[in-house]
Every structure is written in C-alpha cells, then in structure tokens.
Enquirer: 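Input: one structure, supplied below.
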Amino acid sequence: QVQLVESGGGLVQAGGSLGLSCAASGTRFTIHAMGWYRQAPGKQRELVAAITSSGSTNYADSVKGRFTISRDDAKNTVYLQMNSLKPEDTAVYYCAHYLSRTFVSASPNYWGQGTQVTVSS
C-alpha cells in the first residue's frame with residue numbers, strides 16, 4: 001500500500017515562501033513520476049507541477065518561475081518550493097504518485113491527504 005505524507009503547509013503573507021514535502025512509502029519511488037496538485041474552494045483540482053523518474057519537470061503556467069519541484073530518491077521524498085506566493089495560490093495542496101515513470105498522458109494512482117496553504121494579501 002502506497003502512502004504519501006505531506007508536510008510544510010501553513011499561512012504566509014503575499015510575496016513570501018513556503019516549502020512542501022511529501023514522503024512516500026510502500027513504493028519503488030525511483031521508478032515513478034510524482035506531482036503536486038492543488039484545489040481551491042469551489043474549483044477543480046489542478047496540476048501544479050510534476051517530475052518524472054529521471055527528473056524532467058512540468059509546471060502550470062500560473063506557477064512557472066515561482067515554484068520548483070524536486071525529488072530526493074534516497075529519501076523517497078518529493079518537494080515543492082513556492083516563492084513569490086500570491087493570494088490566488090491559496091488551496092489545499094496534494095502530493096500525487098503516478099503509476100509510470102512519466103506524467104505525460106498519465107494520471108496519478110495514489111494521493112496524499114493534502115496540506116493547506118493560505119496566502120494572505
């Protein structure tokens with residue numbers, strides 16, 4: 001059973017930074033793509049960033065240049081560094097595990113429980 005445990009959410013002022021972590025267990029972490037999604041109240045869950053098993057990344061246009069996804073295969077952990085945060089970044093952020101090495105044309109097969117990120121103006 002794959003388990004994903006997020007940490008690092010919280011309250012921050014606009015322009016500030018936060019880092020999220022997602023520790024995975026029960027999976028051969030190194031052969032799976034990973035991602036971060038978010039869901040704001042009243043909106044659909046959307047992809048924020050994803051990273052393949054080999055380290056290639058993809059970002060939503062709204063976060064390009066501000067957010068960075070990375071992974072540490074030795075720690076079975078994926079990170080999301082969020083800089084220059086805006087109030088519209090406020091959402092519950094979910095860690096996602098993909099069945100395959102890539103996120104291209106793929107959907108997550110496991111989700112974390114979510115962590116709240118709130119950006120005040």
Side-chain angles (χ1 to χ4, degrees):
Q1 180 74 12
V2 175
Q3 289 192 319
L4 305 173
V5 179
E6 299 112 333
S7 60
L11 174 65
V12 65
Q13 287 190 329
S17 298
L18 274 178
L20 304 181
S21 299
C22 171
S25 60
T27 177
R28 280 186 65 192
F29 185 80
T30 57
I31 65 169
H32 293 279
M34 298 293 294
W36 288 96
Y37 287 69
R38 67 185 180 188
Q39 187 167 19
K43 295 189 176 181
Q44 288 189 329
R45 190 174 297 189
E46 63 175 358
L47 174 67
V48 176
I51 186 167
T52 66
S53 61
S54 60
S56 297
T57 58
N58 183 55
Y59 296 92
D61 288 343
S62 59
V63 307
K64 280 181 182 175
R66 300 189 297 122
F67 291 12
T68 302
I69 188 171
S70 61
R71 61 190 297 156
D72 185 337
D73 289 347
K75 296 182 178 179
N76 281 15
T77 300
V78 62
Y79 304 95
L80 185 68
Q81 179 63 38
M82 304 181 291
N83 299 327
S84 302
L85 282 161
K86 305 175 181 180
E88 51 263 43
D89 294 318
T90 295
V92 177
Y93 283 70
Y94 296 90
C95 178
H97 174 284
Y98 290 81
L99 180 62
S100 63
R101 294 179 183 270
T102 181
F103 46 79
V104 177
S105 300
S107 297
N109 61 340
Y110 290 100
W111 297 90
Q113 81 283 359
T115 185
Q116 178 70 45
V117 171
T118 302
V119 184
S120 64
S121 57

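By convention here, the first residue in the shown sequence is residue 1.
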Enquirer: What residues, two or more places apart in sequence or in another chain, satisfy salt bridge (charged side-chain N to carboxylate O under 4.0 Å, His left out) together with Asp72?
Expert: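 With sequence neighbours excluded, Asp72 shows a salt bridge (charged side-chain N to carboxylate O under 4.0 Å, His left out) to no residue whatsoever.
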Enquirer: side-chain contact (heavy atoms from CB on, under 4.5 Å) with Thr77: which residues, sequence neighbours excluded?
Expert: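 Residues passing side-chain contact (heavy atoms from CB on, under 4.5 Å) with Thr77: Ser21, Ala23, Lys75, Tyr79.
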Enquirer: Is it possible for you to say whether Ile69 and Tyr98 belong to one hydrophobic cluster, with membership spreading through side-chain heavy-atom contacts below 4.5 Å?
Expert: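 No, it is not one cluster - the side chains of Ile69 and Tyr98 are not joined through contacts under 4.5 Å.
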Enquirer: Is there a path from Met34 to Phe103 through hydrophobic residues (I, L, V, M, F, W, Y) whose side chains come within less than 4.5 Å of each other?
Expert: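 No, Met34 and Phe103 fall in different hydrophobic clusters.
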Enquirer: Do the side chains of Val117 and Val78 join up, straight or via other hydrophobic residues, at under 4.5 Å, putting them in one cluster?
Expert: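 Val117 clusters together with Val78.
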Enquirer: Taking all heavy atoms of Tyr93 and all of Leu80, pick out the closest pair and write down the distance.
Expert: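 Heavy-atom minimum between the residues: CD2-CD2, 4.2 Å.
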Enquirer: When you measure from the side chain of Thr118 to the backbone N and O of Thr90, does any donor-acceptor pair fall under 3.5 Å?
Expert: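 Flag not set: sc Thr118 to bb Thr90 has no pair under 3.5 Å.
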Enquirer: Under the salt bridge (charged side-chain N to carboxylate O under 4.0 Å, His left out) test, which residues partner Lys43, sequence neighbours left out?
Expert: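 If we apply the salt bridge (charged side-chain N to carboxylate O under 4.0 Å, His left out) test to Lys43, skipping adjacent residues, there are no hits.
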Enquirer: Tell me every residue that passes side-chain contact (heavy atoms from CB on, under 4.5 Å) with Ser54, counting only those two or more places apart in sequence or in another chain.
Expert: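 Partners of Ser54 by the side-chain contact (heavy atoms from CB on, under 4.5 Å) criterion, ordered by chain and then number, come out as Thr52, Ser56.
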Enquirer: State which residues pass side-chain contact (heavy atoms from CB on, under 4.5 Å) with Asn76; sequence neighbours excluded, sorted by chain then number.
Expert: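 Phe29.
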Enquirer: With sequence neighbours excluded, what pairs up with Glu88 under the side-chain contact (heavy atoms from CB on, under 4.5 Å) test?
Expert: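 With neighbours one apart ignored, the set is Lys86.
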Enquirer: According to the salt bridge (charged side-chain N to carboxylate O under 4.0 Å, His left out) rule, which pairs have a member within residues 95-114, sequence neighbours left out?
Expert: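 Checked against salt bridge (charged side-chain N to carboxylate O under 4.0 Å, His left out) - neighbours excluded - no pair reaches residues 95-114.
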Enquirer: Just grab all the side-chain hydrogen bond (donor to acceptor under 3.5 Å, both in side chains) pairs involving residues 102-112, residues at least two apart or on different chains.
Expert: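 As it turns out, the side-chain hydrogen bond (donor to acceptor under 3.5 Å, both in side chains) pairs with a partner in residues 102-112, which skip direct neighbours, are His97-Asn109.
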Enquirer: Is Val92 reachable from Leu47 through a run of I, L, V, M, F, W or Y residues, each pair having side-chain heavy atoms under 4.5 Å apart?
Expert: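 The answer is yes; both residues are in one hydrophobic cluster.
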Enquirer: Can you tell if the side chain of Leu85 reaches within under 4.5 Å of the side chain of Phe67, non-hydrogen atoms only?
Expert: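 When only atoms from C-beta onward are counted, Phe67 and Leu85 do touch, with a gap below 4.5 Å.
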Enquirer: Search all heavy atoms of His32 against all heavy atoms of Thr27 and return the closest pair with its distance.
Expert: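 The answer is CD2-OG1, 3.2 Å.
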Enquirer: Can you pull out every salt bridge (charged side-chain N to carboxylate O under 4.0 Å, His left out) where at least one residue sits in residues 22-40? Sequence neighbours excluded, please.
Expert: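 Applying salt bridge (charged side-chain N to carboxylate O under 4.0 Å, His left out) to every pair that reaches into residues 22-40, excluding sequence neighbours, yields Arg38-Glu46, Arg38-Asp89.
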Enquirer: Taking Tyr59 as the starting point, is it possible to reach Val48 by hopping between hydrophobic residues whose side chains are less than 4.5 Å apart?
Expert: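 Yes: a chain of side-chain contacts under 4.5 Å links Val48 to Tyr59.
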Enquirer: Hey, what do you get for CE (Met82) to CG (Leu18), rounding to the nearest 0.5 Å?
Expert: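 Output value for this atom pair is 4.5 Å.
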Enquirer: Can you sort out the partners of Ser100 under side chain to side chain donor-acceptor pair (under 3.5 Å), two or more places apart, ordered by chain and number?
Expert: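 With sequence neighbours excluded, Ser100 shows a side chain to side chain donor-acceptor pair (under 3.5 Å) to no residue whatsoever.
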Enquirer: Enumerate the residue pairs fulfilling salt bridge (charged side-chain N to carboxylate O under 4.0 Å, His left out) with a member in residues 7-24, sequence neighbours excluded, ordered by first and then second residue.
Expert: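 For residues 7-24, and leaving out neighbouring residues, there are no salt bridge (charged side-chain N to carboxylate O under 4.0 Å, His left out) pairs at all.
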Enquirer: On a heavy-atom basis, which atom in Arg71 and which in Ser53 lie closest, and how many Å separate them?
Expert: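 Taking Arg71 first and Ser53 second, the nearest heavy atoms are NH1-CA, 3.5 Å.
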Enquirer: Please tabulate, one pair per line, all N/O donor-acceptor pairs under 3.5 Å involving side-chain atoms of residues 1-16, not counting sequence neighbours.
Expert:
unit_1: Glu6; atom_1: OE1; unit_2: Gln113; atom_2: N; d: 3.0
unit_1: Glu6; atom_1: OE1; unit_2: Gln113; atom_2: NE2; d: 3.3
unit_1: Glu6; atom_1: OE1; unit_2: Gly114; atom_2: N; d: 2.8
unit_1: Glu6; atom_1: OE2; unit_2: Cys95; atom_2: N; d: 2.7
unit_1: Glu6; atom_1: OE2; unit_2: Gly114; atom_2: N; d: 3.3

Enquirer: Is there a side-chain contact between Pro108 and Tyr94 (heavy atoms, below 4.5 Å)?
Expert: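 Answer no - side chains too far apart.
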